[in-house]
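This report refers to the structure that appears directly beneath it.
As the structure lists them, so they are numbered: ligands from 1, and atoms in each ligand from 1. Just so you know, these numbers use all the heavy atoms, side chains as well, and skip hydrogens, waters and symmetry mates.
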Amino acid sequence: MRVPKIAIEEHINVPELADDSAKYYPPDTWKKLRPALMDVEGQLLSDMDKCGIEMSVISLASPGIQAIPEPQRAIDVARQANDFLAEQVEKHPDRFQGFAALPLQDPDAAAEELTRCVKELGFKGAMVNGFSQIDREDSIIYYDLPQYWPFWGVVESLNVPVYLHPRYLIEERSDIQGHPWLLGSVWSFGVETATHALRLMTSGLFDMYPKLTVILGHLGETLPNAIWRIDHRISAIPRGIPAKKKMAEYLLNNFYMTTSGNFCTQTLINTILVMGADRVLFSADYPFEQMSEAAEWFDRVDTISETDWVKIARSNAEKLLNLGTSSR
Ligand code: ZN
């Protein structure tokens, strides 16, 4: 086994939301996921031990707070969930750190909760599960909209990253209605999250907040492959785009990517070629992926230099999240 790894897209759940995701999975699959999400000190820790993962940055499972249309309930549940997360971290501070869940139904409350989580609970950033539903079940609100810019200003001033994580689409409003086999992690997660990231980039958000940092999972949700062509076609037909720079510049300066759920060496190498090894981080995506599959794959990757391997395995995460683990 090589040096111990750090994983940063590892999920847990709280009793209040424990059954909210049941509808997205076949009953047999959910029967295994539900207890795995709740068994933080049992299954998660034991999987980490077996897989050479020293530390997991834990977060609330998707869609979490983002799928609570009532703003006040979103605020209340986010606070409870973050307090629960903080308790797990407090019990095992050398094994767990936390990403905050945020009630983005109310941008001011989200900024306030993030500030509390970072300053009082010691969280390392936030995990945001795609768009929020606000007031209505069928609403889809993305965070490039003007009402979110002050929130992003607070994120930048706190100097912590936001992990933009996928969530299930509202199927009736999607272009894959009638094709359930393309839902979720198969295809729609990646496309929708990439679109959300591009909305942030094209809006000019990173011109206003140049130090803002966003993390994408799944080796960048297709963006490393697509970014050249996106810039190529924007330069041909700009259509009044507000952003001042090329999208590749934002991708390389404002984004990090993790290996969560994408254990493919060719895709890893392509992501390193586009992003550089300093912006790629190991992750598994517990319990939606087998931690053992992630670790066995990554431990065997030998087509990158050992220096790059160690960066991806842990030192990039230590630096980005200020984990204070390097002395161990
Ligand atoms: Zn995940």
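- Tyr24 and Trp30 have their aromatic ring centers separated by at least 6.0 angstrom.
- The atom of Glu9 nearest to the Zn ion (ligand 1) is OE2, with the search restricted to N, O or S atoms.
- Between Ser132 and Tyr143, the side chains place a donor N or O and an acceptor N or O closer than 3.5 Å (distance only, hydrogens not considered).
- Considering just the N/O/S atoms of Asp285, the one nearest the Zn ion (ligand 1) carries the name OD1.
- Note on His165: its N/O/S atom closest to the Zn ion (ligand 1) is NE2.
- In this structure, Arg314 forms no cation-pi arrangement with Phe282, as its terminal cationic atom is not both closer than 6.0 Å to the ring centre and no more than 45° off the ring axis.
- Looking only at atom types and distance, the side chain of Ser260 has a donor-acceptor partner in the side chain of Glu9 under 3.5 Å away.
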